[in-house]
Amino acid sequence: MTSRPGRPPRDDLAWLDEAAQLWDQAHADIGYLARVFAQTSLPYRDPGDLPVWQRRNGGLTLTLQPNVSLLDPDGV
């Protein structure tokens with residue numbers, strides 16, 4: 001079996017070994033976001049005294065409204 005330069009051999013054990021090595025590398029500069037935040041983003045500056053802040057991306061809408069709870073008084 002031949003492999004291209006820069007790519008691991010195609011057998012499963014070599015692939016798993018390569019994946020394990022990548023997993024073990026620590027990258028403190030890499031972070032993860034929930035999909036909704038990656039698609040809509042949060043304000044990076046204070047938007048001021050707004051009752052509601054919204055960001056839309058296609059059919060997705062992120063709405064931030066201070067002091068609003070979607071929970072019932074029972075906490076449900």
Side-chain angles (χ1 to χ4, degrees):
M1 200 179 300
T2 62
S3 65
R4 292 187 243 167
R7 298 184 90 177
R10 291 188 178 198
D11 64 67
D12 291 340
L13 291 177
W15 183 83
L16 287 173
D17 184 49
E18 182 73 18
Q21 289 175 17
L22 290 172
W23 184 265
D24 289 339
Q25 294 175 359
H27 292 287
D29 57 340
I30 294 177
Y32 298 93
L33 288 173
R35 182 183 301 173
V36 68
F37 293 134
Q39 290 178 322
T40 59
S41 76
L42 292 172
Y44 56 91
R45 284 189 228 146
D46 184 357
D49 190 20
L50 298 175
V52 176
W53 184 89
Q54 285 188 329
R55 177 77 77 185
R56 288 191 177 103
N57 183 357
L60 184 67
T61 302
L62 174 67
T63 303
L64 300 177
Q65 187 173 3
N67 300 319
V68 172
S69 176
L70 300 177
L71 300 176
D72 292 337
D74 304 341
V76 178

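Counting from 1, the numbers follow the sequence of the chain as shown.
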Which residues pass the side chain to side chain donor-acceptor pair (under 3.5 Å) test with [X], sequence neighbours left out?
X	value
Thr61	none
Asn57	none
Arg56	Gln54

(message) Ignoring hydrogens, what is the shortest heavy-atom contact between Pro51 and Pro66? Give both atom names and the distance.
(response)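 Shortest heavy-atom contact: O-CD, 3.5 Å.
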